[in-house]
Amino acid sequence: FYITFLFYICIQSLLAQSLEITEEKRLMSLGERTCYKVQIPYQTASTVEKITNKYLKSQTAESVKAPKGSNEIIYKSVFLKEVKTPNVLYFIVEQQGSNVGWNGFFLNEKDSTNLENTASIHGFVQNIYKLSMIALYEDSIHMQSKALKEAENNLKDLSKDAQKNDKTANKSKREISDAEKELAKSQE
């Protein structure tokens, strides 16, 4: 219970922190573009990739095949809050120790220019971050539940062993008592 509670407090503090989203120019398959980067702590690249894909599909964005040799994941028809035109999102997920680096390029779907509405982009990236933290918390609950079940099974096994040992000890005491009686009779 205490471990789960402490982990819950840790996740809440991570969610409450102001998220640092950095912007930088970076090369991608279409040339140099503005990239939005965020560090997601205590996650795996595959988990964050699944979370992002699921979120985009729930927003009715369409997956696009990436150019050969590219590590980019591409979605078109990505609509952001307060942006009326559809966008294309190129994103890259990289494992960086115990953290994951999420890098996204938001481009106008019509002319592949950088999207200028940074508030909407930041909102999108914050959603990915929050979904990742929620998944981390749910994984923690699942792991704690699994550990609790395992501990309960071990306790049941130990209880059965203790009962069996008690029966064996009582049987041995009876045998000793019977043997002492036999010894007393034989001494008479």
Side-chain angles (χ1 to χ4, degrees), residues 7-8 10-147:
F7 192 75
Y8 175 75
C10 180
I11 293 295
Q12 289 299 321
S13 68
L14 285 172
L15 285 171
Q17 290 177 1
S18 62
L19 181 62
E20 185 180 343
I21 301 171
T22 58
E23 298 176 31
E24 66 180 43
K25 294 285 187 186
R26 184 170 166 175
L27 283 175
M28 60 174 292
S29 61
L30 297 176
E32 188 177 88
R33 298 283 196 258
T34 301
C35 172
Y36 296 86
K37 299 173 76 170
V38 67
Q39 289 286 317
I40 302 173
Y42 310 113
Q43 276 291 9
T44 63
S46 62
T47 301
V48 173
E49 189 175 311
K50 286 176 190 172
I51 290 167
T52 305
N53 288 332
K54 184 177 179 181
Y55 179 67
L56 285 165
K57 287 178 182 175
S58 74
Q59 302 295 320
T60 66
E62 300 171 35
S63 180
V64 177
K65 188 174 181 176
K68 202 169 200 161
S70 172
N71 62 344
E72 299 166 341
I73 301 167
I74 306 169
Y75 278 85
K76 69 177 186 174
S77 300
V78 176
F79 288 91
L80 300 174
K81 206 175 209 173
E82 300 175 16
V83 177
K84 293 184 182 357
T85 59
N87 298 283
V88 178
L89 169 62
Y90 291 72
F91 71 93
I92 301 167
V93 180
E94 301 168 320
Q95 191 69 47
Q96 299 170 342
S98 63
N99 299 330
V100 170
W102 188 95
N103 307 296
F105 302 89
F106 294 84
L107 308 174
N108 186 312
E109 194 170 287
K110 291 179 184 176
D111 57 10
S112 295
T113 57
N114 284 331
L115 189 62
E116 298 299 323
N117 190 330
T118 58
S120 296
I121 293 170
H122 283 240
F124 179 90
V125 175
Q126 285 174 347
N127 285 340
I128 297 299
Y129 180 84
K130 286 177 183 177
L131 290 169
S132 296
M133 291 298 99
I134 290 168
L136 183 63
Y137 178 67
E138 288 171 349
D139 286 348
S140 167
I141 290 172
H142 177 71
M143 289 175 63
Q144 291 294 328
S145 173
K146 194 174 179 181

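Quick note: numbers below take in every heavy atom, side chains included, and nothing from hydrogens, waters or symmetry partners. The chain is numbered in sequence order, starting from 1.
- For the atom pair OG of Ser63 and CG of Leu56, the computed distance is 9.0 Å after rounding to the nearest 0.5 Å.
- In this structure, Ser132 and Ile51 approach most closely via the heavy-atom pair CA-CD1, 3.7 Å.
- Annotation: the span from Lys37 atom NZ to Trp102 atom CH2 amounts to 12.0 Å, rounded to 0.5 Å.
- Lys25 meets the side-chain contact (heavy atoms from CB on, under 4.5 Å) test with Glu32, Thr34, Asn114; sequence neighbours excluded.
- Within the 4.5 Å cutoff, no side-chain heavy atoms of Ser77 are placed close to those of Gln59.
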Test side chain to side chain contact (heavy atoms under 4.5 Å, CB included) on Thr118 and Phe106; report intermediate values, then the result. CA-CA 10 Å; Thr118 58; Phe106 294 84; over 6 Å; no
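- For the atom pair Ser46 OG and Asn53 CG, the distance stands at 11.0 Å (nearest 0.5 Å).
- With contacts defined as side-chain heavy-atom distances shorter than 4.5 Å, the pair Ile128/Val38 does not qualify.
- Atom-to-atom distance recorded for Thr52:OG1 and Ile40:CD1 is 6.5 Å, nearest 0.5 angstrom.
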Requested in this report: Could you go through the side chain to side chain contact (heavy atoms under 4.5 Å, CB included) check for Gln126 and Ile21 one step at a time?
Outcome: CA-CA 9 Å; Gln126 285 174 347; Ile21 301 171; 4.1 Å; yes
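- Closest approach of Ala66 and Ile74 over heavy atoms only: CA-CD1, 3.6 Å.
- The aromatic ring centroids of Phe105 and Tyr36 lie 6.0 Å or more from each other.
- Between Tyr75 and Lys57 there is a side-chain heavy-atom pair separated by less than 4.5 Å.
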Acceptor/donor pairs from residues 85-98 side chains to any protein atom, 3.5 angstrom cut, sequence neighbours excluded:
{"unit_1": "Asn87", "atom_1": "ND2", "unit_2": "Val78", "atom_2": "O", "d": "3.2"}
{"unit_1": "Asn87", "atom_1": "ND2", "unit_2": "Thr85", "atom_2": "O", "d": "3.1"}
{"unit_1": "Glu94", "atom_1": "OE1", "unit_2": "Asn103", "atom_2": "ND2", "d": "3.2"}
{"unit_1": "Glu94", "atom_1": "OE2", "unit_2": "Arg26", "atom_2": "NH2", "d": "3.4"}
{"unit_1": "Gln95", "atom_1": "OE1", "unit_2": "Ala45", "atom_2": "N", "d": "2.7"}
{"unit_1": "Gln95", "atom_1": "NE2", "unit_2": "Gln43", "atom_2": "O", "d": "3.1"}
{"unit_1": "Gln95", "atom_1": "NE2", "unit_2": "Gly97", "atom_2": "O", "d": "2.8"}
{"unit_1": "Gln95", "atom_1": "NE2", "unit_2": "Asn99", "atom_2": "O", "d": "3.1"}
{"unit_1": "Gln96", "atom_1": "OE1", "unit_2": "Gln39", "atom_2": "NE2", "d": "2.4"}

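- The side-chain heavy atoms of Met28 and Leu107, taken from C-beta on, include a pair separated by under 4.5 Å.
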